[in-house]
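Here the structure comes first, spelled out in structure tokens, and everything after it is commentary.
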Amino acid sequence: MKTVSLTDVSGHLPGEPVPASFYTDHPGAEDRLRDSPMFRVPALRHHVTGESNVDLVERAVQPLIERHGRAEIRAVDVLLVHSQLPDSPIVGAGTEVARRLGLNPEWLIDVANAGCASFVHMLQLARQILRTTEARTALICNAQTAAGQLFTQSEVRRLAQAAIPGDGCGVGYVTTSAASPVLAVAGRHIGAHGGDMTVVLEDGRRYWEPGRSQLRIGFTEESVGTVLERGNRLVPAMVAEVCARIGVPTAEIDVLVTNQPNRTFLGNWRRSLGLPPERHPDTFDRCGNLFGAAVPVTLDLALRSGRVKGGDLVVLGGFAHAGDYAGAAAIRWGGASS
């Protein structure tokens, strides 16, 4: 069986950091749910100001081109793209990413599911394709543009949920090599939790129908409690499962990189797994909740700051939406570090 590696990652954060006061000082900013563990406000986040998902991917891939060469990136066999807020309801971002980057991949998949843990899901997909076909390289891309678009709408901006997300993009270069071998990946799609994350329009219309109400996430106090309970349980369980597959106790993880939904989850996850804060990079106060882009962006920042070293056991983990997917991947890091 071919060895597959997460050879490199890179990221991009658009624009200048946006302070919490952009939301908390907005006229009519509400206090309801503001003190919930789900919605304690990060200090900073980034917003797109007209950039598309494809724009962010194009910028995030540039460091990979600089490190590996344009010809090598253009020759990728597999392109996987996840966009948290799609640019078009009809055509995925993948074909435009391929056009912008000059790619002609044999495999191109726009991945709509796995949300905040979609980088792990796409890594599992890329690994499977590379191990079972003649494909040798893959590019996996996570773009997030909802913060500067959906959550800055005039009525949504005043809600507690609006201050949490940030925008950005992270990409991974996956190869059939032993550069940074993916030791194991575990993922679970949990059908019983499907559909529990909802969007709301106050006038009851469907999102594509004309109207004036503004799309928002359908959080209630009850649903927030449900998400907290599931998230606290699912991520440590999946990380423990992937560690068991490679025969390593969770306390021996050198670097744990997770999605970054809020401070409560981050603290509970590392305590559950027996890890100190220095082994669990935290970008929440710098970037907010980057949804699916959080794992690759956080890993990229950890690499560039020297927190990941050659030979480290790096475990990626996260969960999606209201708990309809959770996954983890174990990697023996030996790839690019800057």
Side-chain angles (χ1 to χ4, degrees), residues 4-15 46 48-88 91-111 118-123 125-127 129-130 135-146 148 166-177 179-180 182 257 283 287 290-304 308 316 331 333 335-338:
V4 173
S5 289
L6 178 59
T7 298
D8 202 355
V9 295
S10 63
H12 171 73
L13 297 170
H46 291 255
V48 292
T49 53
E51 301 97 324
S52 68
N53 290 296
V54 179
D55 293 331
L56 296 192
V57 171
E58 187 176 24
R59 292 166 192 171
V61 170
Q62 289 310 304
L64 298 184
I65 291 172
E66 293 168 8
R67 291 196 283 265
H68 302 277
R70 186 173 298 276
E72 185 169 331
I73 299 303
R74 280 184 170 176
V76 294
D77 303 302
V78 181
L79 175 62
L80 307 177
V81 181
H82 179 274
S83 303
Q84 193 73 27
L85 182 64
D87 298 322
S88 167
V91 180
T95 53
E96 176 65 6
V97 168
R99 187 189 71 80
R100 291 270 194 99
L101 297 177
L103 313 181
N104 292 289
E106 180 180 2
W107 297 79
L108 195 164
I109 304 171
D110 280 289
V111 178
S118 52
F119 190 80
V120 173
H121 179 48
M122 290 192 292
L123 180 60
L125 288 173
R127 184 180 186 230
I129 293 169
L130 266 56
R136 299 182 303 105
T137 58
L139 189 64
I140 57 179
C141 311
N142 272 106
Q144 150 59 13
T145 61
D167 291 330
C169 179
V171 298
Y173 183 46
V174 184
T175 65
T176 51
S177 73
S180 288
V182 180
V257 179
T283 57
C287 303
L290 286 170
F291 300 112
V295 168
V297 167
T298 302
L299 178 55
D300 177 52
L301 292 173
L303 285 163
R304 289 195 281 121
V308 182
L316 314 179
I331 299 156
W333 190 258
S337 59
S338 63

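Just the heavy atoms: all of them, side chains too, but no hydrogens, waters or symmetry mates, feed the values below.
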Which residue pairs pass the salt bridge (Lys or Arg N to Asp or Glu O under 4.0 Å) test with at least one member in residues 70-84, sequence neighbours excluded? none
Would the distance check show the side chain of H12 and the main-chain N or O of L56 forming a donor-acceptor pair, the cut-off being under 3.5 Å? no
Side chain to side chain, L139 and V57, heavy atoms closer than 4.5 Å: no
Does the side chain of L101 reach to within under 4.5 Å of the side chain of E58, using non-hydrogen atoms? yes
Just wondering, are more than 12 heavy atoms of other shown residues or ligands nearer than 6.0 Å to CZ in R136? no
State, yes or no, whether a side-chain contact exists between V76 and Y173 at a heavy-atom distance under 4.5 Å. yes
Rounded to the nearest 0.5 Å, what separation is found between the OG1 atom of T298 and the CG atom of L316? 10.0 Å
Paired with H68, the side chain to side chain donor-acceptor pair (under 3.5 Å) test is passed by just one of T7, T175, D8, namely D8
Mark yes or no for whether S180, through its side chain, and W333, through its backbone, hold a donor-acceptor pair below 3.5 Å. no
For the student: nearest non-hydrogen atoms of P14 and G168, plus distance: CD-CA, 3.9 Å
Taking the side chain as everything from C-beta on, heavy atoms only, tell me whether M122 gets closer than 4.5 Å to N142. yes
May I ask you to decide whether R304 forms a salt bridge with D300, counting only side-chain N to carboxylate O separations under 4.0 Å? yes
Atom pair CD (Q84) and CG (D167), whose distance is rounded to the nearest 0.5 Å: 10.5 Å
Apply side chain to side chain contact (heavy atoms under 4.5 Å, CB included) to the pair I73 and V61, showing each step before the final yes or no. CA-CA 9 Å; I73 299 303; V61 170; 4.1 Å; yes
Which value, rounded to the nearest 0.5 Å, describes the distance between T95 atom OG1 and L79 atom CG? 9.5 Å
Q144 side-chain N/O to G166 backbone N/O, donor-acceptor pair under 3.5 Å: yes
Closest heavy-atom pair, S5 versus A179, reported as atoms and distance to 0.1 Å, is OG-N, 3.1 Å
For the side chain of N53 and the backbone of S83, is there at least one donor-acceptor N/O pair under 3.5 Å apart? no
Residue pair F119 / V9, side-chain heavy-atom distance below 4.5 Å: yes
Using the test side chain to side chain contact (heavy atoms under 4.5 Å, CB included), find all partners of L125 that sit at least two apart in sequence or belong to another chain. L80, V111, H121
Name all residues meeting the side chain to side chain contact (heavy atoms under 4.5 Å, CB included) criterion together with R99; count only those two or more places apart in sequence or in a different chain, and write none if there are none. E96
Spacing of L13 atom CG and L290 atom CG [to the nearest 0.5 Å]: 6.5 Å
Please examine the side chains of L123 and I331, heavy atoms only from C-beta on, and report whether any two atoms are closer than 4.5 Å. yes
Considering only heavy atoms from C-beta outward, does the side chain of V182 approach that of V174 to under 4.5 Å? no
